[in-house]
Amino acid sequence: MSPTVRLIVKELSKKRTGSAKQFRPPSQASSSRSSVCSHPVPSAPRVGNNSNGTPSSHSKSGHGGSHRHRRGEPGSHSTKPATGNDSDSDAAAEADVEADTTHDGDGADSVSVPGEDVTLSTPSDVDASDFMWYNIGFTVESGETLVIQGPSGVGKTTLLRAIAQLTDYDHGVIYLEPDNQRHGNGNDDENDQGEAGSGTAPDLSPQAMGVPQWRSRVMYVPQYPAIFPGSPLDFFFKIKQFSTHVAKPTWDDPVEIGNAWGLPEECWCSEWRNLSGGQAQRAALAIAVACKPDVLLLDEPTSALDPTSAREVERTLRDYTCLWVTHDPNQAHRVGDRIMKLQLDAGCTIEPNTPRESNASLTSQSDL
Ligand SMILES: Nc1ncnc2c1ncn2[C@@H]1O[C@H](COP(=O)(O)OP(=O)(O)OP(=O)(O)O)[C@@H](O)[C@H]1O
């Protein structure tokens with residue numbers, strides 16, 4: 001893990017679609033704002049929509065304009081319980097290239113808060129109920145764990161998937177430092193990672209598909225590992241063959257990592273579908289950790305584990321740079337350096353956590 005790596009998210013917005021749109025809470029929009037970080041909620045009146053359904057561009061920060069954007073992803077990802085024909089099938093070894101989308105960038109006036117890395121957005125003429133999250137900005141520093149919390153359906157998983165380049169977003173920029181390549185929507189051509197078909201042979205590299213190079217240094221672990229053919233060990237070997245990963249000099253041993261978490265060794269050669277939820281979850285996490293990622297995107301990584309196993313996993317993961325979704329407030333305070341709370345009105349707050357617990361207390365049985 002690079003000591004200087006930072007995951008940077010700027011002005012990220014995602015519109016709700018169809019029936020997923022939720023109610024607009026009444027007036028408490030700004031009353032619960034953290035003094036450390038505030039993310040004012042965009043409010044009515046609604047902005048007029050373009051013919052393609054995206055809000056009209058009115059940004060003063062220069063992110064307007066149409067941007068053709070493609071993305072694909074080699075890696076592990078899933079957000080829902082897997083099924084045999086789940087199009088969201090995660091941890092797939094093949095690239096998952098999503099449909100092309102056209103976006104009109106949109107954004108409110110925004111400034112960086114001195115001493116903070118959170119974007120402070122001036123409310124603009126946008127209807128918050130149109131958005132899952134709006135103009136979110138934050139930086140995850142090396143070795144830090146930023147916990148993401150919020151009510152069910154607020155968009156936590158979707159945010160992780162957006163950062164993992166697995167789902168569409170309407171505006172924003174995401175990148176990893178150090179890295180000279182950025183990636184985002186509603187931005188300019190500097191984000192383009194390559195042009196398929198520019199030579200005589202089509203360029204099918206992830207970068208040509210719109211996947212930023214940094215993505216190979218970020219591992220996304222879904223809450224429910226998808227069911228794939230073969231065993232976890234098969235999957236690990238397949239990941240190692242990915243073109244984006246072959247340059248990695250070393251790998252850790254996922255079996256050894258799993259051992260530390262009480263995962264029986266025979267699980268590694270069992271079919272995924274024959275593993276229990278907790279076994280599959282630990283196998284997926286162990287594979288992600290074995291890839292020596294710069295950043296881990298974790299969606300309720302211990303939700304299927306017993307408390308003892310969960311603490312062992314927490315103890316390992318605390319050494320990594322993580323974005324960590326959890327509903328468990330106790331876990332949030334155990335593992336998080338800061339806690340980001342997404343709100344149903346498309347806003348968010350980020351609060352510092354009290355110092356994380358020591359490794360010793362993470363394994364304490366007292367509050368299991
Ligand atoms: N594939 C999809 N198609 C359409 N809407 C979706 C899809 N997946 C999620 N949604 C909707 O997007 C919204 C956010 O879902 P998401 O899974 O990100 O929420 P969450 O905060 O992670 O919820 P939970 O805590 O219950 O896991 C929800 O309203 C959900 O219904």
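If you're wondering where the values come from, they're calculated on a predicted model, not measured in any experiment. Heads up: numbering here begins at 1 and tracks the sequence. Order of listing sets the numbers, starting from 1, for every ligand and every atom in it.
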Starting from the C-alpha separation in whole Å, work towards a yes-or-no answer on side chain to side chain donor-acceptor pair (under 3.5 Å) for Q331 and T302. CA-CA 10 Å; Q331 182 175 66; T302 63; 2.8 Å; yes
Show, in sequence, the C-alpha distance, side-chain angles and deciding distance for V255 and L233, and conclude whether the side chain to side chain contact (heavy atoms under 4.5 Å, CB included) test is met. CA-CA 8 Å; V255 179; L233 215 47; 4.1 Å; yes
Using side chain to side chain donor-acceptor pair (under 3.5 Å), reason through S303 and Q281 one step at a time and then give a plain yes or no. CA-CA 8 Å; S303 59; Q281 191 166 46; 3.2 Å; yes
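T349 places a side-chain heavy atom less than 4.5 Å from the side chain of Q343. Using a 4.5 Å heavy-atom cutoff, the side chains of L305 and R311 are not in contact.
Interface of T158 with ligand 1, defined as ligand atoms under 4.0 Å from a residue heavy atom, comprises 14 (C), 15 (O), 16 (P), 18 (O). Near P151, with a cut-off below 4.0 Å to any heavy atom, the atoms of ligand 1 are 21 (O).
The closest approach between G153 and ligand 1 falls below 4.0 Å for a heavy atom of the residue. Using a 4.0 angstrom heavy-atom cutoff, R16 counts as in contact with ligand 1. At least one heavy atom of H327 sits less than 4.0 Å from an atom of ligand 1.
The distance criterion of under 3.5 Å between nitrogen or oxygen atoms is not met by G150 with respect to ligand 1. At least one N/O-N/O distance between G155 and ligand 1 falls below 3.5 Å.
Across every non-hydrogen atom of P151 and H327, the tightest pair is C-CE1, 4.4 Å.
Which of Q149, E300, K156, R161 comes nearest to atom 21 (O) of ligand 1 through a heavy atom is settled by distance: it is K156.
Of all the heavy atoms of M132, the ones lying under 4.0 Å from any atom of ligand 1 belong exclusively to the side chain.
No more than 12 heavy atoms of other residues, nucleotides or ligands lie within 6.0 Å of CD in E256, so this atom counts as exposed by the packing criterion.
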